[in-house]
Peer 1: 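Please find one structure pasted underneath; my questions will follow.
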There are 2 protein chains.
Amino acid sequence: MSALSDSASPLYEKVKDFVLANIGSGKWVQNARLPSENDLVNSLGVSRMTVHRALRELTSEGHLRRVQGVGTFVAPPKAQSTLIEVSNIINEIRDRGGKHRAGVILLERIEHPAPAIVRAFEFDRVKPVDHSLVVHFENDIPVQLEERYVNPALVPHYLDQDFTSIATLEYLQRCTPLTEVEHLISALPAGPEQARLLQMPERDSCLVLHRKTWTGATVATVNTFTHVGSRYSLGSRYRPTHKPA
Amino acid sequence: MSALSDSASPLYEKVKDFVLANIGSGKWVQNARLPSENDLVNSLGVSRMTVHRALRELTSEGHLRRVQGVGTFVAPPKAQSTLIEVSNIINEIRDRGGKHRAGVILLERIEHPAPAIVRAFEFDRVKPVDHSLVVHFENDIPVQLEERYVNPALVPHYLDQDFTSIATLEYLQRCTPLTEVEHLISALPAGPEQARLLQMPERDSCLVLHRKTWTGATVATVNTFTHVGSRYSLGSRYRPTHKPA
DNA sequence: TGACATAGCATGTATATACATGTTTCATTC
DNA sequence: GAATGAAACATGTATATACATGCTATGTCA
């Protein structure tokens, strides 16, 4: 009678599955109103706190929309703006198997007053901005060009780091764990300098990942140029909802 | 004494902020062990259920790692594989202001036995696969080429839809709300056909978003070719953690 | 010394209760 | 009829309590 599955999963998970099953089957369509918490308490035979937890988690996962005093509704599908998980290319190279070798070369490293591009990213009031150009290799073939602008005032001992170490990005993340991130993805034909550094034809396509992190003041700006073509792609599987792996 | 802020936010939010502040300040470093729930109950003066909820949410948000019987630890930063929100280009056009006009042209629409590319995406046992080519316009300029392979057996009344309607993708999402999604992003030079359809130079860069959805059997495969260059980019802000906007 | 049982402690779940907060509905009153 | 107020109902939060589950350390017994 309970309408809940009899697996070994916890009760609130069964309630979540019950709700998702009703959404998936089309019984509860988009923007439809769900039974109230007390209704579900009566029909499912669990406590209100358990129902509430299930509905709250489904709300934070994007499946439901709740309005205090009004009710609970089926949320519109959230694939409109899609979450994509893009793997760090360093990890991609590292995970591709033991027979590949990853390498890094530091091309340029200047601590200089902010040029136009730096000023454009709100570094204005920061005097020294560390600018470095790094090329990543796999099996002696350059696969990625990284252009980093880092605000050393916000990253302790950043200037003491070994810039050819592969752990630099991880160091940035570890020192500023609560930063916000903005990404832009675009595709551009390689310019002369990029083509030279990546050893690729000059008008071949580059996938550009622009990554800006800040905590209030800007921490770092990183432009990543990857020669994709047939050799590389960035991707992920995205499981929209209920079973966070 | 309570070490919690005195704002108007709920108690569990204050506990979360307290924990995040200790992580952000470096007091609790990566992999460090947090005080136990009972310790926090004593030092913060709230109930264990409240502490538990705060820690549970921080865990699901990726900030903490909890092991039953052992303790709670600061999770390594999750920016390793970065979440990126890529906006649907249809929404981008629609949201760009009233003076722009969006349009769609259906170029081809064949229901045919699966060719090689279709077979490669596990359509094998499905006989009829709907294949359509759609070009999206903004102000009479083509900006996106969409190549769709849809399994009509899994999408009710799909073949009855008006394919020049902008709502087709939304219809797909509404009919199969609990699908999983896989994305691949790459940058490719435009081939002859793509260049012709998008009215762009033949070797200019295309940003290609490959999107495959399935529920078990494959539902649809959509390849999106966007002429980016200086005109378009896909991007998002990603707030890693605590204040889901 | 080694194996095993156990106590202790950590997190995980479920419930009952109480109150807070926001919305809708409906009846009373002017 | 319109405005006001109260009741009913919805979700939101906080707490106490109880028990379940999993790991660790300790101490006893062979």
Side-chain angles (χ1 to χ4, degrees), chain A residues 1-19 22 28 31-75 242-244, chain B residues 1-19 22-23 28 31-75 242-245:
Chain A
M1 178 54 206
S2 70
L4 296 183
S5 75
D6 53 354
S7 77
S9 59
L11 262 182
Y12 72 92
E13 284 288 352
K14 295 182 190 173
V15 177
K16 290 173 70 174
D17 289 341
F18 171 78
V19 173
N22 278 300
W28 296 344
N31 289 324
R33 182 176 174 170
L34 270 65
S36 75
E37 291 186 354
N38 280 324
D39 291 342
L40 291 174
V41 165
N42 293 330
S43 62
L44 300 181
V46 297
S47 76
R48 196 196 139 212
M49 288 305 295
T50 301
V51 170
H52 183 75
R53 173 172 175 182
L55 297 182
R56 191 178 61 208
E57 293 191 358
L58 288 175
T59 300
S60 79
E61 291 163 11
H63 288 107
L64 301 178
R65 187 171 42 88
R66 312 196 78 190
V67 182
Q68 186 175 98
V70 181
T72 306
F73 307 87
V74 179
H242 47 304
K243 305 282 186 195
Chain B
M1 180 53 208
S2 69
L4 296 184
S5 75
D6 52 356
S7 78
S9 59
L11 262 183
Y12 73 90
E13 283 289 351
K14 295 183 190 172
V15 176
K16 289 173 70 174
D17 288 342
F18 171 78
V19 173
N22 278 300
I23 295 176
W28 295 344
N31 289 325
R33 180 176 175 170
L34 270 66
S36 75
E37 292 187 352
N38 280 324
D39 291 341
L40 291 173
V41 164
N42 294 329
S43 63
L44 300 180
V46 298
S47 76
R48 196 194 139 213
M49 288 305 295
T50 301
V51 170
H52 182 75
R53 172 171 177 181
L55 297 182
R56 191 179 60 209
E57 293 191 359
L58 288 174
T59 300
S60 80
E61 291 163 11
H63 288 108
L64 301 178
R65 188 170 42 89
R66 313 196 80 191
V67 182
Q68 187 174 102
V70 181
T72 306
F73 307 87
V74 179
H242 46 304
K243 305 282 188 196

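All values reported here derive from a predicted model rather than from experimental measurement. Lettering of chains follows the sequences in order, A, B, ..., and the numbering in each one begins at 1.
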Peer 1: To the nearest 0.5 Å, tell me how far Leu55(B) CG sits from Leu34(B) CG.
Peer 2: 7.0 Å
Peer 1: Where does the chain A footprint on DNA chain C start and end, counting 5' to 3' with a 4.0 Å heavy-atom cut-off?
Peer 2: dT13(C) to dT23(C)
Peer 1: Can you tell me how far CZ of Arg48(B) sits from CG of Leu40(B), rounded to the nearest 0.5 angstrom?
Peer 2: 11.5 Å
Peer 1: Give one of base, sugar-phosphate or nothing for Arg48(B), where a contact means two heavy atoms less than 4.0 Å apart.
Peer 2: base
Peer 1: Figure out the CZ/C1' separation between Arg53(A) and dT11(D), and round it to whole Å.
Peer 2: 18 Å
Peer 1: Between Arg33(A) (side chain only) and Val70(A) (backbone N and O only), is there a donor and an acceptor less than 3.5 Å apart?
Peer 2: yes
Peer 1: Supply the atom-to-atom distance Lys14(A) NZ to Thr50(A) OG1, rounded to the nearest 0.5 angstrom.
Peer 2: 11.5 Å
Peer 1: How close or far is atom C1' of dT11(D) from atom CG of Leu58(A), stated in whole angstroms?
Peer 2: 15 Å
Peer 1: How long is the straight-line distance from OG1 of Thr59(A) back to CG of Leu64(A), given to the nearest 0.5 Å?
Peer 2: 4.5 Å
Peer 1: Nearest 0.5 Å, what's the CG-CZ distance between Leu58(A) and Arg53(A)?
Peer 2: 11.5 Å
Peer 1: Which heavy atom of Ala54(B) sits nearest a heavy atom of Tyr12(B), and at what distance?
Peer 2: CB-O, 3.6 Å
Peer 1: Any residue in residues 64-71 of chain A with a heavy atom nearer than 4.0 angstrom to DNA chain C? Just list them by number, or reply none.
Peer 2: Gln68(A), Gly69(A), Val70(A)
Peer 1: Going by side-chain hydrogen bond (donor to acceptor under 3.5 Å, both in side chains), name the residues that satisfy it together with Arg56(B), two or more places apart in sequence or in a different chain.
Peer 2: none
Peer 1: Return whichever of Leu34(B) or Ser9(A) has its heavy-atom-nearest nucleotide of DNA chain C closer to the 5' end.
Peer 2: Leu34(B)
